[in-house]
Amino acid sequence: MTLMIHNTLTNRKEKFVPIVPDEVKMYVCGVTVYDDIHMGHARSIIVFDTVSRYLRYLGYKVTFVTNFTDVDDKIINRANERGIAPLDLSAAYIEKYFRDIESLGVRRADIYPQASTSMPYIIQMVKDIVDRGYGYTAPDGSVYFRVRKMADYGRLSHRTIKDLRSSGRLDENPDKEDPLDFAVWKGVKPGEVAWDSPWGKGRPGWHIECSAMIRHYLGDVIDIHGGGNDLIFPHHENEIMQTEAVTGGPLAHYWMHNGMLETKTADGQTAKMSKSLKNFFKVEDVAKKFDKYTIRFYFLNTHYSSPLAYGEDNMAEAQNALKRLWNNYRDLQACARDGPLGDCPVAPLLEKTRTAFNDAMDDDFNTRAAIESLFGLARETNRLMGERTMTRDGALETLDFLKDIDSVLGILPDDAGRDSDDLAAVMSILIDLRKELRVRKQYDLADLIRNRLGEAGYVLEDAADGAKWKKA
RNA sequence: GUCGAGAUAACACAGCGGCUAUGUGUCGGACUGCAGAUCCGAAUACGGGAGUUCAACCCUCCCUCUCGACUCCA
């Protein structure tokens, strides 16, 4: 099977064909760095982290770019409140961002451009837009984009200019030729950070930084552009217009949008998690209660495009579900160490699982179905271990397989898990001792050993064919 | 109002025009000194109404409800 991606542009699943064979250029809209990130951001970050991981797993050379918006009204306002420079505020939140995504097990993108450091490219882009007749200047030094000049404005969000006109929520700005026009450059206002430009001092409009960064860091056209589905209009729509005005070609071949994370509001309704509704959960806080594996599992346990309602009980459920996979993983580790010798033909089973996993991921990154294949493998290997037919070699082979699969999902323990031979020797003594105590029915002492090991982070499980130990 | 997404068993979340979904939870069994893990088995389902079809949870139409975008937003 080949990778199929749902493309917002066409509203269909399409076969993925990169521009350059075996290479993928992808760009995902990042965050405005004026506050801590919340779980809604986390979802988007984890989704596209997983997309890039899967593409690499398939063998593509991926160049992944995510931006930081560090020039923005909200940043300026908050910096003013705190009496610090806007760029100091954003720099602090960028650092915090990296700490937060680390607690989510997210691999870093290749490049993280910032608006403030991309100013030459942004200004060049605006200049090109104006030179080609798609932009015009206003008396206050702003530059607006001439939407009417692009016949298919609304293509991504599947609306027409007529639809948009009738929305009745238009900005009546006398500087604009048309209410639908949007600012690519904003003339300076008192008290704002500003950069020199051919149109006087000012700063970029919201959408232009993405167009400019993509063009500079990745080129005129990229393979995949991603972001939350709340960005489809107007942000991505406008990005497309800006870029196409300059390059004459498409900006991205595949547009991917993740569904919103929702949560309950005060009145008991579900609503999108957002700052303005004050119904958000910060990553920082959630990460105190749940580990990164659980958080990733929770998000990957549903399709990226579906809406998802966040709740702590759901997180706890995810934790229990993931525990099953972890138990299996630990048991395999124990089996690889202490299990029977000899052959165990696990290859067909692993092959079957691989096929199911790849088919699921190829189908528009269906992580949920992919995870189901892992539960199937867990049940079968549990059975083999229960029957004592799983051997050390078979367990090792299965573990290698799981590690490879987990390079995509990032939900299994990454502790490399190699317990020393010394520890194994000591455990074996303790297990023998307990065996003797149990024969003599001195259960209090046997339990004491087991409990103390439990406190130390090791689980001891009695079974018909002898005790097994593993990490908790 | 315009555009888009969605309604699946107790819960969460997949899927397919006909074949046991998956996980958590619940119940029963195996194992067992206890604990835990594991295995085997069971029950509960496709919002409502029409239609297409030999056959629909899956396609079409209508209805109801939910969410998102149209304003800063992952």
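Sequence lines set the chain letters: A, B, ... in the order given, protein chains first and strands last, and positions in each chain run from 1.
Residue-level contact check: A:Leu308 touches the backbone only, with heavy atoms under 4.0 Å from sugar-phosphate atoms and none from bases. Counting non-hydrogen atoms under 4.0 angstrom, A:His257 reaches nothing in the nucleic acid. Using a 4.0 Å heavy-atom criterion, one finds that A:Asn327 contacts the sugar-phosphate atoms exclusively. Base contact: A:Leu460 has a heavy atom under 4.0 Å from a base atom. Residue-level contact check: A:Asp73 touches neither bases nor backbone, having no heavy atom under 4.0 Å from any strand. A:Asn451 comes within contact range of no nucleotide atom at all, as no heavy-atom separation falls under 4.0 Å. If you check every strand for non-hydrogen atoms under 4.0 Å, A:Leu231 touches sugar and phosphate atoms only. Nucleic acid contact class of A:Gly386 (heavy atoms, under 4.0 Å, all strands): none. Counting any heavy atom pair closer than 4.0 Å across all strands shown, A:Met385 reaches no nucleic acid atom.
Rounded to whole Å, the C1' atom of B:A10 lies 12 Å from the corresponding atom of B:A45. Only the C1' atoms considered, B:A43 is 31 Å distant from B:C54, to the nearest whole Å. Between B:C57 and B:G47, the two P atoms lie 10 Å apart (nearest whole Å). If you take atom P in B:U8 and the same atom in B:G48, they sit 10 Å apart, rounded to whole Å. Here the separation of B:U60 from B:U53, taken at their C1' atoms, is 12 Å to the nearest Å. B:C63 and B:A69 have their C1' atoms separated by 24 Å, given to the nearest Å. As rounded to the nearest Å, B:G25 and B:C62 have P atoms that lie 43 Å from one another. Taking atom P on both B:C34 and B:G29, the two are 14 Å apart, rounded to the nearest angstrom.
Following rounding to the nearest Å, A:Asp447 (CG) and B:G36 (P) show an atom-to-atom distance of 12 Å. Rounded to a whole Å, the CG atom of A:Leu180 is 9 Å from the P atom of B:U71. Put simply, CD1 on A:Ile371 is 13 Å from P on B:G15, counting in whole angstrom units. Distance A:Gln319 CD to B:C11 C1': 16 Å, rounded to the nearest Å. The CD atom of A:Glu262 sits 15 Å away from the P atom of B:A5 (whole-angstrom rounding). Distance, A:Asn320 CG to B:G23 P: 14 Å, rounded to whole Å. Protein atom CZ of A:Arg434 is 13 Å distant from nucleotide atom P of B:C34, rounded to whole Å. The distance between atom CG of A:Asp338 and atom P of B:A37, rounded to the nearest whole Å, is 20 Å.
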The test is salt bridge (Lys or Arg N to Asp or Glu O under 4.0 Å); show your working for A:Glu237 and A:Arg159 and say whether it passes. CA-CA 10 Å; A:Glu237 199 79 69; A:Arg159 261 168 296 192; 5.8 Å; no

Could you go step by step and tell me if A:Tyr144 and A:Asp178 meet the side chain to side chain donor-acceptor pair (under 3.5 Å) rule? CA-CA 10 Å; A:Tyr144 291 99; A:Asp178 186 301; over 6 Å; no

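Between A:Asn366 and B:A14, a side-chain N or O to OP1/OP2 separation shorter than 4.0 Å is absent. Between A:Ser306 and the phosphate of B:A14, there is a side-chain N or O to OP1/OP2 separation shorter than 4.0 Å. Contact between the side-chain N/O atoms of A:Asn11 and the OP1/OP2 oxygens of B:A5 is found at a separation under 4.0 Å. Between A:Thr302 and the phosphate of B:A12, there is no side-chain N or O to OP1/OP2 separation shorter than 4.0 Å. For the OP1/OP2 pair of B:A5 and a distance below 4.0 Å, the side-chain nitrogens and oxygens of A:Asn229 include no atom meeting the criterion. Neither OP1 nor OP2 of B:A30 sits under 4.0 Å from any side-chain N or O of A:Arg383. Between A:Lys272 and B:A69 there is a side-chain polar atom (N or O) within less than 4.0 angstrom of OP1 or OP2.
Across all strands shown, B:C61 pairs with B:G49; the Watson-Crick or G-U wobble distances both stay below 3.5 Å. Nucleotide B:A35 has no partner under the Watson-Crick or G-U criteria, as no pair reaches both atom distances under 3.5 Å. Within the shown strands, B:U66 is the pairing partner of B:A5 under the Watson-Crick or G-U definition, both distances less than 3.5 Å. B:G41 is paired with B:C27 under the criterion used here, namely a Watson-Crick or G-U wobble arrangement in which both key atom distances are under 3.5 Å. In a base pair of the Watson-Crick type (N1 to N3 plus N6-O4 or O6-N4) or a G-U wobble (N1-O2 and O6-N3), with each distance short of 3.5 Å, B:C13 is matched with no nucleotide. Pairing for B:U71 is absent, with no Watson-Crick or G-U wobble pair whose two atom distances lie under 3.5 Å.
Out of B:G68, B:C13, B:C72, the shortest distance to the side chain of A:Ala271 is found at B:G68. In the set B:C72, B:A14, B:A69, the nucleotide with an atom closest to the side chain of A:Arg368 is B:A14. For A:Arg438, the listed nucleotide lying nearest its side chain is B:G33; candidates were B:C16, B:G23, B:G33. Of the candidate nucleotides B:G33, B:A74, B:A5, B:A74 has the atom lying nearest to any side-chain atom of A:His41.
Side-chain to base pairing of A:Glu317 with B:G25: no donor and acceptor N or O lie closer than 3.5 Å to each other. With hydrogens and angles ignored, no donor-acceptor pair under 3.5 angstrom links the side chain of A:Arg324 to the base of B:G23. Counting distance only, with no hydrogens placed and no angle test, the side-chain atoms of A:Arg330 and the base atoms of B:A37 include no donor-acceptor pair under 3.5 Å. Judged by atom type and distance alone, A:Arg379 does not reach the base of B:C40 through any side-chain donor-acceptor pair under 3.5 Å. You won't find any donor-acceptor pair under 3.5 Å spanning the side chain of A:Asp313 and the base of B:C11, going by distance alone.
The environment of A:Glu102 atom CD is sparse: at most 12 non-hydrogen atoms of other residues, nucleotides or ligands sit within 6.0 angstrom.
Checking A:Asp444, A:Asp432, A:Leu445, A:Asp447 one by one against A:Leu437, the side chain to side chain contact (heavy atoms under 4.5 Å, CB included) holds for a single residue, A:Leu445.
A donor atom on one side chain and an acceptor atom on the other are found under 3.5 Å apart for A:Glu14 and A:Thr10. Looking at A:Thr243 and A:Ser211, their side chains do bring a donor and an acceptor atom within 3.5 Å of each other. Between the side chains of A:Tyr93 and A:Asp70, no donor-acceptor pair is found at a separation under 3.5 Å.
One finds the NE2 atom of A:His41 at 10.5 Å from the CG atom of A:Asp36 (value rounded to the nearest 0.5 Å).
Scanning all heavy atoms of the two residues, the minimum distance from A:Pro413 to A:Tyr329 falls at CG-CD2, 3.5 Å.
In this structure, A:Tyr443 counts as stacked on the base of B:G33 under the 5.5 Å centre distance and 30° plane angle limits.
Comparing A:Ala463 and A:Met260 by the nucleotide of RNA chain B that holds the closest heavy atom to each, the one mapping nearer the 5' end is A:Ala463. Remark on RNA chain B: of its neighbouring residues A:Gly376 and A:Lys470, the 5'-side contact belongs to A:Gly376, judged by nearest-heavy-atom nucleotide.
Residues forming a side-chain hydrogen bond (donor to acceptor under 3.5 Å, both in side chains) with A:Thr294 (at least two apart in sequence, or on another chain): A:Asp291.
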